[in-house]
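A short worksheet on the structure shown next.
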Amino acid sequence: MAPIGGGGPFDHAALARRQALAGASGPMALVKNIKVFGIACFACLGGLLYGYNQGVFSGVLTMNAFGNHMGDYVTNDTKKGWLTSILELGAWLGTLYSGFLAQILSRKWAILVNVTIFIIGVVIQATAITAGYQSILAGRFITGMGVGSLSMIVPMYNAEIAPPEVRGALVGLQQLSITLGIMISFWIDYGTHFIGGTGLGQKDAAWLLPLCLQLVPAVLLGGGILFMPFSPRWLVYKDREPEARRILANLRGLHQDHELIEIEFAEIRAQAYFERRTLEEKFPHLKEQTPLNVFKLQFVAIASLFKTMPMFRRVIVATVTMFFQQWTGINAVLYYAPQIFEGLGLSGNTIQLLATGVVGIVMFIATIPAVMYVDSLGRKPVLIVGAIGMATCHIIIAIIFAKNEDQWPTHQAAGWGAVAMVWLFVIHFGYSWGPCAWIVISEIWPLSNRPYGIALGASSNWMNNFIVGQVTPDMLTSMRYGTYIFFGLLTFGGALFVWLIVPETKALTLEEMDVLFGSVGAAQADQELMDRINREVGLNHMGKGGDSPRGAELAAGNEKEPVTRNERQELSG
């Protein structure tokens, strides 16, 4: 499973009626749904943990007190790569089990389990003061498992509790919270590195404090999630419909019999029934929701995406887009910013960390307007412009580096020019490939394959993230300015890939997406099944004349006109 909105092609009359009752989207809709907005902000502490984890280690690596306990793991470039990138290897594993946990335990308890895993990892890292690099390796791997899984489950949870009119904004909070975590971590590193001085007398608290501060938001999230509601969608999937209806009404601040609750609850039921019956058709041997079957499903369903050429084209778009997102070099900057700035002529750990802190600020600011224009400008132009901008910054950095690497002390302006290009590079990433790559890989799939397609794209993201973190120290040492040429050429390649291969997905229906990828009929079959389910749950009666005659039946969970497996096969042709 993956973080998806949970929406579907529902009955148009019911959809229009719900939108009329709910009102317009935008800032006022967030105020109207302040309870859900607060819950989503709280859940996004999981995103903040992810971002903080990504950013905090870059400053810790440069601290003298930390190096005293790490031996050659801070001087040997290959070992330094492992010390940093093992977090991403753990996160990759976390994405693999996240869908299983979220479906078996619920989104709520899966968040608590992963917070516990995260806390264990942080505690193990804190023992590095006596155990050395082994504790950092083990602790970062375990911490990575927690943040990797949370990065999938938190957006899923937010999407499923959110009213449709603010769902995009609440899911988008995840990306914003990640960049906020990165920014906070950079400035905490900058502040704590003064503890005991910046030289040989530096205290162990300088690196222990930023690592242990991760426990604060983790404990808050773990304790607070105990009081958060279950996802109504998960409750429906588990045949706990009266409880789901009650929680939905509570989230919206309305009575259970309110017309808006009736319509939205019917939509949730329709989506859950659709997923269940699609599963029964495609994977009949896994239709029983046992823990073992749910675990197997994650891999069997992803493997099925490779069996037809139209679906394989979608696989290429999702996985290669995420490949290029990571090989822009963004996480090389986030993980090794102080080392990069040292290579560009900034002398002194204080100045390097100060410049690193600016990276966090500009990335956070650049991410904010992304959601404001991507739906009007489209995905392709934003991705292409962003890639060209990032690649150009890389090439300019390489030229400045090549001309001045032996004379930085007498050419400080050139060094600061290169640093400014790093900041500009981060801005280009923040408004483009940061959010837009995730948007694209969530939009290209048929409804019945979307969870597994997004999970596959996320897996590509984390694995390439791991590889970049592993090889960057060796590249900076052996290739020097060639590192920026390498990332620049790959980023130009990303722009070319988007231009030639990735379709524009702005405002396209699922049927139009099928035409683009050559799988005409897949979305139509999904739509026809959904139409039957809409009639089953009563959505086709809602929105026509106001009150629904199905209200009592919905509350009781009664079903009419069940869609059988044979009917689904007929619809599929």
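All of these numbers come straight from a predicted model, not from anything done at the bench. Numbering of residues begins at 1 and proceeds along the displayed sequence.
Counting only N and O atoms by type, the side chains of Thr127 and Ser135 include a donor and acceptor under 3.5 Å apart. A donor-acceptor pair shorter than 3.5 Å cannot be found between the side chains of Thr62 and Gln339.
To the nearest 0.5 Å, atom CD of residue Glu342 and atom CD of residue Gln352 are 4.5 Å apart. Interatomic distance, Glu88 CD to Phe141 CZ, rounded to the nearest 0.5 Å: 11.5 Å. One distance of note links SG of Cys44 with CG of Leu180; it measures 10.5 Å at 0.5 Å rounding. Taken from CH2 in Trp462 to OG in Ser151, the straight-line distance is 5.0 Å, to the nearest 0.5 Å. Here the straight-line distance linking atom CG of Leu137 with atom CG of Leu87 works out to 11.5 Å at 0.5 Å rounding. Here CD1 of Ile188 is found 7.5 Å from CG of Leu209. Values are rounded to the nearest 0.5 Å.
The only member of Thr84, Thr472, Asn465 that meets side-chain hydrogen bond (donor to acceptor under 3.5 Å, both in side chains) when paired with Tyr335 is Asn465. Checked against Leu49 for a side chain to side chain contact (heavy atoms under 4.5 Å, CB included), the options Val154, Asn114, Leu150 give a single hit: Leu150. Just one residue in the list Val122, Val56, Thr143 forms a side chain to side chain contact (heavy atoms under 4.5 Å, CB included) with Leu211, and that residue is Val56.
The nearest pair of heavy atoms linking Ile397 to Ala418 is CG1-O, 3.8 Å. Taking all atoms of both residues into account, the shortest heavy-atom contact from Thr319 to Ser460 is O-OG, 2.9 Å. Between Gly146 and Ile117, the closest heavy-atom pair is N-CG2, 4.0 Å.
Leu346 places a side-chain heavy atom less than 4.5 Å from the side chain of Trp416. Residues Gln202 and Ile195 have side chains not in contact (no heavy-atom distance under 4.5 Å, counting atoms from C-beta outward). Proximity of Ile182 to Phe186: side-chain heavy atoms (C-beta onward) are separated by under 4.5 Å at one or more points. Side-chain atoms of Asn250 and Lys35, non-hydrogen and from C-beta on, do get closer than 4.5 Å to each other. Considering only heavy atoms from C-beta on, Thr491 stays 4.5 Å or farther from Phe324 through its side chain. Side chains of Thr392 and Phe492 form a contact here, defined as non-hydrogen atoms less than 4.5 Å apart. Looking at Leu383 and Val440, their side chains come closer than 4.5 Å, going by heavy atoms from C-beta outward. The side-chain heavy atoms of Leu48 and Ile178, taken from C-beta on, include no pair separated by under 4.5 Å.
A 6.0 Å sphere centred on OH of Tyr481 holds no more than 12 heavy atoms belonging to other residues, nucleotides or ligands. Within a 6.0 Å radius of CZ in Phe42, other residues, nucleotides and ligands contribute more than 12 heavy atoms. By the neighbour-count criterion of 12 heavy atoms within 6.0 Å, atom NZ of Lys380 is densely surrounded, having more than that number from other residues, nucleotides or ligands. Heavy-atom neighbours of Leu200 CG from other residues, nucleotides or ligands within 6.0 Å: at or below the threshold of 12. Gln412 CD: 12 or fewer foreign heavy atoms inside a 6.0 Å radius.
Ring centroids of Trp82 and Phe466 are separated by less than 6.0 Å, placing the two rings close together. Aromatic pair Trp187/Tyr190: centroids less than 6.0 angstrom apart. Ring pair Phe341/Trp408: centre-to-centre distance not below 6.0 Å.
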What verdict does the side-chain contact (heavy atoms from CB on, under 4.5 Å) test give for Trp207 and Thr192, after you've listed the backbone C-alpha separation in whole Å, the side-chain angles of each residue and the deciding distance to 0.1 Å?
CA-CA 7 Å; Trp207 61 272; Thr192 62; over 6 Å; no

Tell me, with the steps shown, if Leu344 and Val422 meet side-chain contact (heavy atoms from CB on, under 4.5 Å).
CA-CA 10 Å; Leu344 296 177; Val422 174; 3.9 Å; yes

List the steps and the verdict of side-chain contact (heavy atoms from CB on, under 4.5 Å) for Thr328 and Phe487.
CA-CA 6 Å; Thr328 60; Phe487 282 132; over 6 Å; no

Under the ring-ring contact (aromatic ring centres under 6.0 Å, His included) rule, what do Trp433 and His428 come out as? Steps first, then yes or no, please.
CA-CA 8 Å; Trp433 284 74; His428 282 299; over 10 Å; no

Criterion side-chain contact (heavy atoms from CB on, under 4.5 Å) on Trp327 and Phe486, from CA distance to verdict:
CA-CA 9 Å; Trp327 286 98; Phe486 177 79; 3.6 Å; yes

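Cation-pi contact between Arg140 and Phe57: present, with separation from the ring centre below 6.0 Å and deviation from the ring axis of at most 45°.
Looking only at distances, a side-chain donor or acceptor of Arg107 sits under 3.5 Å from a matching main-chain atom of Ala102. Within the 3.5 Å criterion, the main-chain N or O of Leu334 finds no donor-acceptor partner in the side chain of Asn331.
Using bins of under 30°, 30° to 60° and over 60° for the plane-to-plane angle, the ring pair His394/Phe425 lands in the tilted bin.
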